[in-house]
Amino acid sequence: MSIFLPDKNRLPAIVILDFGSQYSELIARRVRETEVYSLVVNYSTSAEELKKLAPKGIILSGGPRSVYEDDAPYCDPKIWDLDIPVLGVCYGMQLMVQQLGGNVQAASGRAEYGKAPLHIDNSTSLLANVLDGSTMWMSHGDSVKELPEGFECLAHTTNTSRAAIGSQNRRFYGVQFHPEVVHSQNGMQLIKNFIHDICKCPPDWTTKAFIEEAIAQVQKQVGNKKVLLALSGGVDSSTLAFLLHQAIGDQLTCMFIDQGFMRKGEPEFLMEFFDQKFHINVEYINARERFISKLNGIVDPEQKRKIIGTEFIRVFEEESLRLGPFDYLAQGTLYPDVIESAGTNIDPKTGDRIAVKIKSHHNVGGLPKDLQFKLVEPLRGLFKDEVRNVGKSLGLPSEIVRRHPFPGPGLAIRILGEVTEDKLHCLRNADLIVREEITKAGLYHDIWQAFAVLLPVRSVGVMGDQRTYAWPIVVRCISSEDGMTADWSRVPYETLECISNRIVNEVEGVNRVVLDITSKPPGTIEWE
Ligand code: XMP
């Protein structure tokens with residue numbers, strides 16, 4: 001089968017055919033929020049292959065194309081004969097209409113973008129308990145002109161006469177709006193109606209069920225062999241450490257490489273937490289001097305990352321030989337790492353998504369061939385929010401479960417130009433102040449990432465009677481759903497004032513604090 005199944009033992013109850021929408025993954029996440037396992041597959045997956053998966057429902061995603069375009073992506077028309085309920089979203093609905101004999105009208109100045117109140121014409125089945133007048137998020141040019149036989153209009157908006165349609169007999173439904181996005185009120189209700197009532201999926205995708213299955217599978221895969229895990233302290237590798245510890249106990253060895261670019265107090269916290277409190281075997285590798293000496297005189301960001309990546313592999317290799325031998329390497333690869341978003345990673349020959357096997361940013365991507373590990377990746381079917389739930393359920397504290405993402409190369413990519421001990425010391429202290437003040441203001445969990453960046457330029461200031469000539473710190477606080485796009489967080493002035501005051505007063509070497517108010521795109525989240 002050419003469909004990528006992260007977990008061979010669990011077939012998806014709902015399959016999402018991806019037509020290249022930026023929301024395909026989000027649909028999958030929303031379905032899973034209803035405790036039903038879902039997977040995203042390529043739009044060209046044949047009806048024959050889908051049949052083998054025996055899903056209880058199919059969702060056709062939106063997409064950037066128009067159904068008339070010569071090379072518009074079509075699904076296998078035999079899907080309509082499978083006797084499986086289908087929900088088409090936006091492009092998916094238009095495709096359904098076209099393939100079933102209706103008619104779609106090209107964009108003609110009546111395109112609809114943004115929020116629109118939904119007027120309900122039939123409040124049963126798909127729209128049961130969706131409030132009349134609910135705001136739904138529209139984003140489409142084309143619209144349905146003529147319904148296929150057996151379909152009725154379930155709802156309309158001011159500009160779209162057929163905003164929701166359905167053939168109750170055949171259990172085919174379509175919506176012109178995006179119920180999966182947060183701006184759509186009652187969107188979740190609609191999704192639940194489809195999943196639970198129309199497809200009759202039992203809610204069996206629970207954290208508890210996942211943990212039980214994952215533990216059994218790891219035990220079966222690994223037997224009595226030894227497993228090595230590179231622990232970074234992030235939520236993925238920490239959750240994995242807890243899961244594997246439950247599954248295989250002392251057969252697990254975690255390696256924590258301290259490259260010297262961690263945040264203040266982090267190495268100590270990690271060792272105390274995993275090793276001493278939870279008795280998970282963690283080997284602490286102090287490689288601080290090795291890393292910083294390699295960065296001596298290096299200012300180019302790409303070169304810095306490469307050097308750090310290469311050095312990480314060297315240390316990892318040496319230490320795994322010293323501590324080993326190990327048969328397996330455990331990695332915290334997640335579902336978005338293996339499917340890649342927006343349908344961009346499709347094999348031109350087979351039309352399949354290409355699974356990205358190794359999480360490259362964890363720096364293990366380029367492991368030398370002679371280090372022959374087999375991989376253990378029990379989280380590779382999960383989204384980040386699901387990993388957090390698993391971590392929490394396994395007993396990880398919220399400091400780890402809900403911590404902000406932190407890049408593998410650490411503070412080294414938040415110091416522009418050459419990395420030196422002085423600058424690291426300075427940035428570590430400033431970074432701690434940013435996090436402390438954001439937490440004190442109760443904003444930590446509303447913000448995706450909050451951190452400090454050190455710029456290698458000096459500006460003039462005055463402290464007491466002394467003229468200073470010191471570095472500025474940039475404060476970067478952003479909100480985001482997935483790190484792919486981001487907006488700068490509107491942190492209250494009072495909090496910014498505390499951050500600024502504390503940094504210039506408490507951090508030696510800094511005399512100015514500036515705020516980064518750039519969204520992504522065009523800015524990236526990190527400065528390097
Ligand atoms: P950018 O800067 O590309 O960051 O907008 C997007 C997200 O990825 C994180 N990031 C990294 N994570 N290794 C990592 O593990 C890296 O080299 C790296 N670079 C960026 C960044 O913190 C943000 O969450």
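Side-chain atoms are counted along with the backbone in the values below, which use heavy atoms only and exclude waters and symmetry mates. Just follow the structure's listing: the first ligand is 1, and inside any ligand the first atom is 1. Note that the structure is predicted; figures quoted are calculated from it, not measured.
Between Glu481 and Arg29 there is a salt bridge, since at least one side-chain N of the basic residue sits less than 4.0 Å from a carboxylate O of the acidic one. Between Arg380 and Asp337 there is no salt bridge, since no side-chain N of the basic residue sits under 4.0 Å from a carboxylate O of the acidic one. A salt bridge is absent between Glu526 and Arg305: the closest approach of a Lys/Arg side-chain nitrogen to an acidic carboxylate oxygen does not fall below 4.0 angstrom.
With ligand atoms numbered from 1 in the order given, ligand 1 contributes 16 (C), 17 (O), 18 (C), 19 (N) to contacts under 4.0 Å with heavy atoms of Arg305. Atom numbering of ligand 1 starts at 1 in the shown order; those under 4.0 Å from a heavy atom of Thr524 are 1 (P), 2 (O), 5 (O). Less than 4.0 angstrom separates some heavy atom of Lys520 from each of these atoms of ligand 1: 1 (P), 3 (O), 5 (O), 6 (C).
Legend: residues meeting ring-ring contact (aromatic ring centres under 6.0 Å, His included) with Phe278, ordered by chain and number and at least two apart, are Phe242, Phe273.
Considering backbone and side-chain N/O of Ile525, one or more are found under 3.5 Å from N/O of ligand 1. Ligand 1 has no N or O atom lying under 3.5 Å from any N or O atom of Pro409, backbone or side chain.
Between the side chains of Asp422 and Thr420, no donor N or O sits under 3.5 Å from an acceptor N or O.
Using a non-hydrogen distance threshold of 4.0 Å, Met484 does not register as a contact of ligand 1.
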